[in-house]
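Note that the structure is predicted; figures quoted are calculated from it, not measured.
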Amino acid sequence: MSLRSLTKALGATAGAAVLLVAVPGSASAATGQFRYSYTTADGYEAVGFLNNPESGRCVNLDAPASVPGAPSRAPKNLTDATAIVFLDADCEGDTYYVLPPGRGASDRLLLRSVVFS
């Protein structure tokens with residue numbers, strides 16, 4: 001084996017090792033369930049939920065049968081992580097509320113998105 005081939009092989013091995021170290025592990029998740037209420041397009045009350053939601057990722061709460069553009073309400077954080085609920089989609093805006101683990105809020109608290117710490 002020539003010196004050039006050996007150098008290329010060592011470079012490829014080092015590159016593969018760097019990739020293995022750089023690949024992140026599985027994302028952490030809150031353990032438990034996050035629940036919220038919404039009104040269906042037919043006017044019925046319904047409950048949506050997120051099971052073991054991923055931490056640090058914003059989730060828009062667009063329930064499939066909800067009235068388009070209508071906010072959800074009455075969140076219940078039954079996870080082991082803090083939930084921050086936002087009135088606006090994409091976890092944006094100045095109107096938000098912090099729900100510690102095991103806490104909930106009344107029907108008056110409206111939300112469109114949530115992120116878990």
Side-chain angles (χ1 to χ4, degrees):
M1 181 184 256
S2 71
L3 182 59
R4 186 173 196 170
S5 297
L6 182 61
T7 303
K8 284 184 179 180
L10 288 174
T13 303
V18 168
L19 283 176
L20 285 175
V21 172
V23 174
S26 62
S28 62
T31 302
Q33 190 176 71
F34 180 82
R35 297 179 188 178
Y36 55 96
S37 299
Y38 63 95
T39 303
T40 68
D42 294 330
Y44 297 105
E45 297 299 309
V47 176
F49 56 89
L50 304 171
N51 288 321
N52 303 321
E54 185 178 333
S55 298
R57 185 175 72 88
C58 180
V59 178
N60 288 321
L61 301 174
D62 298 325
S66 67
V67 175
S72 298
R73 62 190 174 286
K76 307 280 185 278
N77 183 14
L78 305 176
T79 72
D80 62 354
T82 298
I84 303 170
V85 298
F86 291 81
L87 178 58
D88 294 332
D90 301 320
C91 298
E92 294 181 354
D94 295 333
T95 306
Y96 63 91
Y97 189 81
V98 177
L99 284 175
R103 301 290 304 267
S106 74
D107 280 351
R108 295 184 313 185
L109 183 62
L110 304 178
L111 63 147
R112 287 190 172 88
S113 58
V114 61
V115 64
F116 296 86
S117 62

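Considering only residues two or more places apart in sequence or on other chains, Asn52 meets the side-chain hydrogen bond (donor to acceptor under 3.5 Å, both in side chains) condition with none of them. Partners of Arg35 according to the side-chain hydrogen bond (donor to acceptor under 3.5 Å, both in side chains) rule, which considers only residues two or more places apart in sequence or in another chain, are Gln33. For Arg57, the salt bridge (charged side-chain N to carboxylate O under 4.0 Å, His left out) partners at least two apart in sequence or on another chain are Glu54. Applying the side chain to side chain contact (heavy atoms under 4.5 Å, CB included) criterion to Arg112, with sequence neighbours excluded, gives Pro71, Leu87.
We find the CG-CZ distance between Leu78 and Phe49 to be 12.0 Å, quoted to the nearest 0.5 Å. Separation of atoms CG (Leu109) and OG (Ser37) is listed at 11.0 Å; rounding is to 0.5 Å. Atom SG of Cys58 sits about 10.0 Å away from atom CZ of Phe116, to the nearest 0.5 Å.
Proximity of Val85 to Phe34: side-chain heavy atoms (C-beta onward) are separated by under 4.5 Å at one or more points.
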Contacts table for residues 90-99: side-chain donor-acceptor under 3.5 angstrom, sequence neighbours left out:
unit_1, atom_1, unit_2, atom_2, d
Asp90, OD1, Asn60, ND2, 2.9

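Without hydrogens or angle criteria, Thr39 side chain to Gly43 main chain gives no donor-acceptor distance under 3.5 Å.
For the side chain to side chain contact (heavy atoms under 4.5 Å, CB included) with Phe86, the lone residue among Leu61, Val115, Leu111 that qualifies is Val115.
Nearest approach of Ala81 to Ala30, heavy atoms of both residues: CB-CB, 3.6 Å. In terms of heavy atoms, Ser72 sits closest to Tyr38 at OG-CB, 4.1 Å.
Among residues at least two apart or in separate chains, side chain to side chain donor-acceptor pair (under 3.5 Å) pairs with a member in residues 76-89 are Asn77-Thr79.
Grouping the Ile, Leu, Val, Met, Phe, Trp and Tyr side chains by contacts below 4.5 angstrom, directly or via other members, places Val114 with Tyr36.
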